[in-house]
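Structure below; questions to follow.
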Number of protein chains: 2
Amino acid sequence: MTTTPVSFALPTVPLRKGESTAQRILDAAEALFSERGFSGTTLRDVAARVGLRIPSLYNHFASKESLYAAVLERGFGPVLGVLSDFLDEGSESRGDATRVVERVMALLGQRPNLARLVVHETLSGGQRLTPLLRNWIAPIFARAHEMAETGPAARRWDAERIPLVVLAMYHVVVGYFAIAPLYLELNGSNLMTTSALARQTEFLKELVATLFPEE
Amino acid sequence: MTTTPVSFALPTVPLRKGESTAQRILDAAEALFSERGFSGTTLRDVAARVGLRIPSLYNHFASKESLYAAVLERGFGPVLGVLSDFLDEGSESRGDATRVVERVMALLGQRPNLARLVVHETLSGGQRLTPLLRNWIAPIFARAHEMAETGPAARRWDAERIPLVVLAMYHVVVGYFAIAPLYLELNGSNLMTTSALARQTEFLKELVATLFPEE
DNA sequence: AGTGCAAACTAACGCTAGTTAGTTTTTTTG
DNA sequence: CAAAAAAACTAACTAGCGTTAGTTTGCACT
């Protein structure tokens, strides 16, 4: 079922027109999946959004499942790249934590759907994300904990609370994007404007400063 | 093809004599809706879980939509009660914020599905929750902001950041329950044990203490 | 006992989902 | 410019969805 993608290693030169169609399908699917979840999204909606008939989607993706997988792969690659780069370098100072917050906020600010996708996945226990999780996210999470134990957080929080601090930061970052649509509808404030994003980024940096006191 | 991973071996919700069928249906529906969302949940699954045939559900609820609405109403009543009581009393000191954190954690600790339901709703922009939102949640949110502006938070954060602090606290509280299933699957730690919940509650109180400095 | 009614059942409907087959159009390529 | 490949199309299928109609069961009450 879960056809682990035999990579899109198309022979030598990727076809430009075809690839752009695939990209447009991915864009539409990402938007719909992130808003409505996997089962709430229909291929009819995706096709209509791209301006295609449904069967044409099958020229680019083998199934709805594999389309979803492709959305996840394309989306989370860069985010996880940022995180794993950061974690590989290792961080001892608070400045590193501040920097990763800035980069993640910049990334998710441009692609807020990714945050929403990951929230959908966490709610369902990561049933569909699991292959990705096992390979990428789990090690990153583990490394984050390990790092936090030796990093600046350890000076403020005892060991058994470190995971809670990490989780809390994660939720504040991701939840901001998840709630943005509702927040807009509810009181008219748009959390996704550049100024609002900058404000949230500054707030997060101050949060980091508060939670992880400098030596 | 939506491969539902777990096939249910008949009644998961035991037949309790004093409890009405409607309540048992609500229990089953709440569990499924909170895990899979509205469109990911089928009436077949609900019926199987209760140990009924599908049409029997219609003796108690007029439609899938109204079953969902009933789940929401039953679930959020108490939570919103706690919040609105708290907000009506008004709060000037940090102790009040601490107390509301304790009560909300106790409530959601017993009914974690509620947190997950509300996250599903926020992701979809509250399309289905809107009637409830308009009547209950929106005023509460507004009041929380207003209160935070005159409460202890105002001494630490300038006005335009207050909403961000409120949102952050909200996400840390709700996100904890939303991620619990995934967290369990990912590294074996169960966030829903009483000791884990107590630890999170203590952590939240410390967070409140850090974010809302005493006079 | 017998009536009445709520709540369970069986059966089946219409609709929409994802998917496949087969055909035509478009694009690439030698 | 013709052949081949890719990608669009039409049509149709199967399966599962929520829902309805009509029937039977089980229990309360005279």
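Residue numbering restarts at 1 for every chain, and letters A, B, ... go by the order of the sequence lines.
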Set of residues satisfying salt bridge (Lys or Arg N to Asp or Glu O under 4.0 Å) with respect to E206(B), sequence neighbours excluded: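 R156(A), R161(A).
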Residues in side chain to side chain contact (heavy atoms under 4.5 Å, CB included) with D27(A), at least two apart?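 Side chain to side chain contact (heavy atoms under 4.5 Å, CB included) list for D27(A), sorted by chain: R74(A).
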Tell me every residue that passes side chain to side chain donor-acceptor pair (under 3.5 Å) with Y183(A), counting only those two or more places apart in sequence or in another chain.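 Scan of Y183(A) (side chain to side chain donor-acceptor pair (under 3.5 Å), adjacent residues dropped) gives none.
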Residues two or more places apart in sequence or in another chain: which of them pass side chain to side chain contact (heavy atoms under 4.5 Å, CB included) with S195(A)?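 In terms of side chain to side chain contact (heavy atoms under 4.5 Å, CB included), with neighbours along the sequence ignored, S195(A) is linked to T193(A), R199(A).
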Output the rounded distance in Å from CD1 (I54(A)) to P (dA11(D)).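 The answer, rounded to whole Å, is 14 Å.
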Remember a base hit wins even if backbone is also touched, and classify S39(B) as base, sugar-phosphate or nothing at under 4.0 Å, heavy atoms.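 No contact.
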Any ring-ring contact (aromatic ring centres under 6.0 Å, His included) involving residues 41-73 of chain B? Give me the pairs, sequence neighbours left out, ordered by first then second residue.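 The answer is F33(B)-Y68(B), F38(B)-Y68(B).
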Output the residues of residues 44-52 of chain A in contact with DNA chain D, where contact means a heavy atom of the residue under 4.0 Å from an atom of the strand; sort by number or write none.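 DNA chain D contact set from residues 44-52 of chain A: L52(A).
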For the pair made of CZ in R53(B) and C1' in dA11(C), what is the distance, rounded to whole Å?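 That distance rounds to 12 Å.
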Within the pair S56(B) and dA7(C), is there a side-chain N or O less than 4.0 Å away from OP1 or OP2?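 No, S56(B) has no side-chain N/O under 4.0 Å of OP1/OP2 on dA7(C).
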Check whether any side-chain N or O of W157(B) sits under 3.5 Å from a backbone N or O of F212(B) as a donor-acceptor pair, and report yes or no.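 A pair under 3.5 Å: no.
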Would one find a side-chain N or O of T21(B) under 4.0 angstrom from OP1 or OP2 of dA8(C)?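 T21(B) to dA8(C) OP1/OP2: side-chain N or O found under 4.0 Å.
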Donor-acceptor contacts, no H, no angles, side chain residues 163-175 of chain B, under 3.5 Å, sequence neighbours left out:
from, atom 1, to, atom 2, distance (Å)
H171(B), ND1, L167(B), O, 3.1
H171(B), NE2, G175(A), O, 3.0

If a pair satisfies salt bridge (charged side-chain N to carboxylate O under 4.0 Å, His left out) and one of its residues is in residues 40-60 of chain A, list it, with sequence neighbours excluded.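 Residue pairs with at least one partner in residues 40-60 of chain A: R36(A)-D45(A).
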When the distance from CG of L32(B) to P of dG18(D) is rounded to whole Å, what number comes out?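 From L32(B) CG to dG18(D) P: 11 Å.
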Hey, are R99(A) and E102(A) close enough for a salt bridge, meaning a charged N less than 4.0 Å from a carboxylate O?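 Not counted as a salt bridge, because no side-chain N and carboxylate O are separated by less than 4.0 Å.
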Contacts of type side chain to side chain contact (heavy atoms under 4.5 Å, CB included), residue P112(A), not counting sequence neighbours: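 P112(A): side chain to side chain contact (heavy atoms under 4.5 Å, CB included) contacts with R116(A), F177(A), M192(A).
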Distance check needed: dC13(D) C1' versus Y58(A) OH, whole Å only.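 Those two atoms, OH and C1', are 13 Å apart.
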Looking at residues at least two apart in the chain, or sitting in another chain, which of them share a side chain to side chain contact (heavy atoms under 4.5 Å, CB included) with A178(A)?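 Per chain and number, A178(A) pairs via side chain to side chain contact (heavy atoms under 4.5 Å, CB included) with V119(A), L123(B).
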Report the distance from atom CG of L57(B) to atom C1' of dA8(C), rounded to the nearest whole Å.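 Spelled out: CG on L57(B) to C1' on dA8(C) is 11 Å.
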Give each protein N/O atom lying under 3.5 Å from an N/O atom of nucleotides 21-24 of chain D, with the pair distance.
none

Residues touching DNA chain C, which here means a heavy atom under 4.0 Å, drawn from residues 59-69 of chain B: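 Residues of residues 59-69 of chain B under 4.0 Å from DNA chain C: N59(B), H60(B).
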